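Written below as structure tokens is the structure these notes are about.
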Protein chains: 2
Amino acid sequence: MLIGELVKITGLSKDGLRYYEDLGLIHSKPVKAGTRIYRDYDDTTLERLALIALGKRMHFSLRDIGAVLNRAINDQISREERRAFLLAQAQQVDTQIADLEDVKKQLLFFADQPDKEVVDAHLKEIGLYYE
Amino acid sequence: MLIGELVKITGLSKDGLRYYEDLGLIHSKPVKAGTRIYRDYDDTTLERLALIALGKRMHFSLRDIGAVLNRAINDQISREERRAFLLAQAQQVDTQIADLEDVKKQLLFFADQPDKEVVDAHLKEIGLYYE
DNA sequence: CTAAAACTGTAGGGTTACCCTACAATTTTC
DNA sequence: GAAAATTGTAGGGTAACCCTACAGTTTTAG
């Protein structure tokens, strides 16, 4: 399929997809169109894009996502290795969730309209103090 | 305190802090130093920076964080209003956590080395299909 | 069958949230 | 009184795109 169809399917932009390709996250076969060359993507691209989307929801950089893809979609790697790697990624998600739980706790603290003393003590607790 | 102390306390960079100030997330009083002018921050800056840090952990843009700060640290606003606003932010965190739970679920799916058919069905389920 | 519409490509500028020099003016320290 | 540390400004670079704009190509409509 050409890039336009990928745009329709994924909702991503033409620019974004070409940027992914520049970074090596997806690949295409060049097809001739007169003096021009179009990009033809095969259907495995969709799996790659699905994993890229997961990486973005984890707020990974595209370079890091590229590294993940190389390990997650790779014939050179054993199934066990691949499985272990993806489980490790899932654990990272747990870490991120734990971090957000802490963020929530702190927001609730600030919501309780604490007075200056209490706020200062809290700031000290999270490492923000001076003198 | 001058910017150097803020750097020590927060671990943020001089450039980063000045960028925050350019965006109006923190403020300073100018103090004269010969022909130069230094920035003097008061201690309320630390509370602002604590909230900024929470916003960053929620992956908010700095402009959005600025909007949050205007509502969270604002004498013009009633305590109830402020409280309600921060509780709404906490709910947003819940939404983000739910999203990450879904990410985890999908990672575990891919970890189970599914064959092409199953993967295709999954892609379809999450909205990635063509033809 | 041709003219317009739709689709591709490249190129260049803009944005966000910084980092990283480099250099000048100012303290502070020895 | 000189060196070291601290501030300031200025300019360039990065990441992950978006947004024109323009030029070939292919498809569609009349």
Side-chain angles (χ1 to χ4, degrees), chain A residues 1-42 45 48-70 99 103 130-131, chain B residues 1-42 45 48-70 99 103 130-131:
Chain A
M1 55 191 139
L2 297 184
I3 201 166
E5 196 162 6
L6 267 192
V7 168
K8 271 187 215 153
I9 294 173
T10 62
L12 298 170
S13 73
K14 176 180 100 170
D15 280 358
L17 287 165
R18 300 213 291 110
Y19 186 57
Y20 290 174
E21 189 163 0
D22 285 347
L23 294 183
L25 302 188
I26 58 177
H27 316 288
S28 66
K29 275 184 194 163
V31 291
K32 281 184 195 159
T35 65
R36 299 282 188 99
I37 292 176
Y38 288 180
R39 301 150 198 271
D40 188 39
Y41 300 95
D42 65 11
T45 305
R48 301 185 79 88
L49 287 171
L51 285 171
I52 291 169
L54 292 182
K56 299 207 71 180
R57 286 163 74 186
M58 291 175 71
H59 301 282
F60 278 18
S61 72
L62 292 184
R63 266 136 197 105
D64 286 350
I65 290 173
V68 170
L69 279 178
N70 285 341
D99 186 63
V103 168
Y130 65 121
E131 281 169 340
Chain B
M1 55 191 139
L2 296 184
I3 201 167
E5 196 163 5
L6 267 192
V7 167
K8 271 186 214 152
I9 294 173
T10 63
L12 298 170
S13 72
K14 176 179 100 170
D15 280 357
L17 287 165
R18 300 212 291 111
Y19 187 57
Y20 290 174
E21 188 163 0
D22 285 348
L23 293 183
L25 303 188
I26 58 177
H27 315 287
S28 65
K29 277 184 194 163
V31 292
K32 280 184 195 158
T35 65
R36 297 283 186 101
I37 291 176
Y38 288 1
R39 301 151 198 271
D40 188 39
Y41 301 94
D42 65 11
T45 304
R48 300 186 80 89
L49 287 171
L51 284 171
I52 291 169
L54 292 182
K56 299 207 72 180
R57 286 162 75 185
M58 291 174 72
H59 301 282
F60 278 18
S61 72
L62 292 185
R63 265 136 199 105
D64 286 350
I65 290 174
V68 170
L69 279 179
N70 285 341
D99 186 63
V103 169
Y130 65 121
E131 283 167 340

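Quick note: numbers below take in every heavy atom, side chains included, and nothing from hydrogens, waters or symmetry partners. Chain naming here is simple, since letters A, B, ... match the order of the sequence lines and numbering starts at 1 in each. What you see is a predicted model; the values in this text were computed from it and never measured.
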>> Pick the closest DNA chain C nucleotide for B:R63 and for A:R36 by heavy atoms, then say which residue is nearer the 5' end.
In response: A:R36

> Among D:dT7, C:dC7, D:dC17, which is the nearest nucleotide to the side chain of B:K14?
Replying inline: D:dT7

> Atom CD of A:E5 to atom P of D:dT26: distance rounded to whole Å?
Replying inline: 17 Å

> Taking atom P of C:dC20 as reference, at what distance in whole Å does atom CG of B:L12 sit?
Replying inline: 14 Å

> Which nucleotide in the set D:dT25, D:dC19, C:dA25 lies at the smallest distance from any side-chain heavy atom of A:D15?
Replying inline: D:dC19

> Rounded to the nearest Å, what distance is computed from the CG atom of residue A:D22 to the P atom of nucleotide D:dA16?
Replying inline: 13 Å

>> Counting the atoms with a prime plus P, OP1 and OP2 as sugar-phosphate, which does A:Y20 contact under 4.0 Å by heavy atoms, base, sugar-phosphate, or nothing?
In response: sugar-phosphate

>> Applying a 4.0 Å non-hydrogen cut-off, can you work out what B:K8 is touching in the nucleic acid: base, sugar-phosphate, or nothing?
In response: nothing

> Say you draw a straight line from CG of B:D40 to CD of B:E5; how long is it, rounded to the nearest 0.5 Å?
Replying inline: 10.0 Å

> In whole angstrom, what separates B:L25's CG from C:dT16's C1'?
Replying inline: 13 Å

> So which heavy atom on A:R39 is nearest to which on A:L2, and how close?
Replying inline: O-CD2, 3.2 Å

> Rounded to whole angstrom units, what separation is found between the CD atom of B:E21 and the P atom of D:dT7?
Replying inline: 13 Å

>> Measuring from the side chain of A:S13 (C-beta onward, heavy atoms only), which nucleotide among C:dT10, D:dT6, D:dC18 has the closest atom?
In response: D:dC18

>> Please determine whether a side-chain nitrogen or oxygen atom of B:R39 lies at a distance below 4.0 Å from atom OP1 or OP2 of D:dG8.
In response: yes

> Rounded to the Å, how far apart are B:L23 CG and C:dA17 P?
Replying inline: 7 Å

> To the nearest angstrom, how far is A:Y41 atom OH from C:dT8 atom P?
Replying inline: 10 Å

>> Nearest to the B:Y19 side chain among C:dT27, D:dT7, C:dA17, which nucleotide is it?
In response: C:dA17

>> Rounding to an integer number of Å, can you tell me how far B:I3 CD1 sits from D:dT6 C1'?
In response: 11 Å

>> By the 4.0 Å heavy-atom rule, please label A:K56 as base, sugar-phosphate, or nothing.
In response: sugar-phosphate

> Is the shortest side-chain N to carboxylate O distance from A:K29 to A:D42 below 4.0 Å?
Replying inline: no

> Quick one: which of D:dT9, D:dT25, C:dA17 gets closest to the side chain of B:R18?
Replying inline: D:dT9

> Of all the choices, D:dT7, C:dA17, D:dT25, which nucleotide is nearest to the side chain of A:T35 once you look at every atom?
Replying inline: D:dT25

> Which residue lies toward the 5' end of DNA chain D, A:K32 or B:G4, if each is placed at its nearest nucleotide?
Replying inline: B:G4

> Which residue, B:H27, B:M1, B:R48, forms the side-chain contact (heavy atoms from CB on, under 4.5 Å) with B:Y41?
Replying inline: B:M1

> Shortest non-hydrogen contact from B:M58 to A:V103?
Replying inline: CG-CG1, 3.8 Å

